[in-house]
Amino acid sequence: MAEPEPEPHAVPWPPLREDVLDYTPTSRSVPLARRRTARLVTEWGHPARAGDAALVLSELMTNALLHGSLRDRLIRVRVSLTAATLCVEVSDPRGERLPRSRPADGTDQFGRGLLLVGALADRWGCEPRNGPGKTVYAEWRLSGGTYPFATERSDRSGA
């Protein structure tokens, strides 16, 4: 059996730590994923990044629920750590619905999530998955790392 092709956004370094978990597309999954991300990032030795990573994951997960979920299809969350990069990813089945930042008026209830992602992460973007759907990711450079990001990833796609 042939090895599967790596996803185009895969970091070329093997992860030191990695966690992948599928969630049901319900609102109660968001706080579960947020808490898990904060705990993992802290346990992996980066407590200063835990709050930002959890908030960004929460925004990406909420977007996946609102704009990318389908009944009976799970949303996948991946948190990974290399020597140089912390990455959170949210994959959903709706590849045709790409995220984009938009200006929000002072009275708008929605529309600021990707602005927060862009402000908190060093880089974020969206890429197609192997199979149906898309993966939205956010990355942070870690001190002491010499390889900042995967060269295959495009620049921030939300602007």
Side-chain angles (χ1 to χ4, degrees), residues 4-23 25 29-46 48-70 73-102 111-143 145-159:
E5 290 287 322
E7 291 197 18
H9 67 280
V11 176
W13 290 4
L16 300 172
R17 303 285 183 127
E18 179 179 41
D19 182 76
V20 178
L21 192 61
D22 293 335
Y23 291 88
S29 294
V30 176
L32 295 173
R34 180 178 56 238
R35 284 191 297 269
R36 183 179 181 89
T37 298
R39 180 180 53 79
L40 289 169
V41 172
T42 298
E43 288 175 0
W44 295 350
H46 298 281
R49 294 278 187 201
D52 286 354
L55 178 56
V56 166
L57 184 279
S58 178
E59 293 296 335
L60 298 181
M61 185 87 168
T62 299
N63 281 350
L65 283 170
L66 293 175
H67 308 294
S69 64
L70 294 172
R73 297 294 306 270
L74 299 174
I75 294 172
R76 175 162 289 177
V77 172
R78 178 177 180 260
V79 183
S80 62
L81 176 72
T82 69
T85 306
L86 171 66
C87 182
V88 297
E89 301 174 358
V90 176
S91 300
D92 67 57
R94 301 282 307 265
E96 76 280 6
R97 301 206 53 193
L98 301 178
R100 60 181 171 80
S101 293
R102 64 179 179 86
R112 293 175 183 82
L114 291 176
L115 296 174
L116 281 172
V117 171
L120 295 174
D122 291 325
R123 182 166 115 147
W124 74 276
C126 178
E127 296 185 347
R129 294 175 68 179
N130 286 340
K134 66 182 174 299
T135 297
V136 183
Y137 63 87
E139 298 175 320
W140 291 265
R141 287 182 190 93
L142 300 174
S143 62
T146 58
Y147 188 81
F149 300 114
T151 57
E152 292 85 4
R153 288 194 177 181
S154 59
D155 251 348
R156 292 180 192 236
S157 67

Q.
Quiz question: by atom type and distance under 3.5 Å, do the side chains of Arg76 and Ser91 form a donor-acceptor pair?
A. no

Q. Distance-only, no hydrogens or angles: does the Ser29 side chain make a donor-acceptor pair with backbone N or O of Pro25 under 3.5 Å?
A. no

Q: Would you give the length of the straight line joining atom CZ of Arg34 to atom CG of Leu57, rounded to the nearest 0.5 angstrom?
A: 9.0 Å

**Q.** Gap between atom CD1 of Ile75 and atom CG of Leu21 - 0.5 Å precision
**A.** 12.0 Å

**Q.** Worked check of side chain to side chain contact (heavy atoms under 4.5 Å, CB included) between Arg78 and Val20
**A.** CA-CA 4 Å; Arg78 178 177 180 260; Val20 178; 3.8 Å; yes

Q | Euclidean distance, Asp52 CG relative to Thr37 OG1, rounded to 0.5 Å | A | 12.5 Å

(Q) Donor-acceptor pair, distance only, cut-off 3.5 Å: does the side chain of Trp140 make one with the backbone of Leu120? (A) yes

**Q.** Check: Ala54 main-chain N/O paired with Ser58 side-chain donor or acceptor under 3.5 Å
**A.** no

Q) Is there a donor-acceptor pair closer than 3.5 Å between any side-chain N or O of Arg49 and the backbone N or O of Arg141? A) yes

Q. Checking side chain to side chain contact (heavy atoms under 4.5 Å, CB included) for the pair Arg36/Tyr23: CA distance, chi angles, key distance, verdict?
A. CA-CA 12 Å; Arg36 183 179 181 89; Tyr23 291 88; 3.3 Å; yes

**Q.** Euclidean distance, His46 NE2 relative to Leu40 CG, rounded to 0.5 Å
**A.** 12.5 Å

**Q.** Intermediate values then yes/no, side chain to side chain contact (heavy atoms under 4.5 Å, CB included), Val88 and Val77
**A.** CA-CA 7 Å; Val88 297; Val77 172; over 6 Å; no

Q. Which value, rounded to the nearest 0.5 Å, describes the distance between Leu60 atom CG and Leu55 atom CG?
A. 9.5 Å

Q) Out of curiosity, Asn63 CG to Asp92 CG, how far, rounded to the nearest 0.5 Å? A) 9.5 Å

Q: Would you mind reporting whether Pro132 and Pro93 have side-chain heavy atoms less than 4.5 Å apart?
A: no

(Q) Between Val79 and Trp44, does the side chain to side chain contact (heavy atoms under 4.5 Å, CB included) criterion hold? Intermediate values first, please. (A) CA-CA 11 Å; Val79 183; Trp44 295 350; 3.6 Å; yes

Q) Looking only at heavy atoms, which two atoms of Thr42 and Ala50 are closest? And how far apart? A) OG1-CB, 3.3 Å

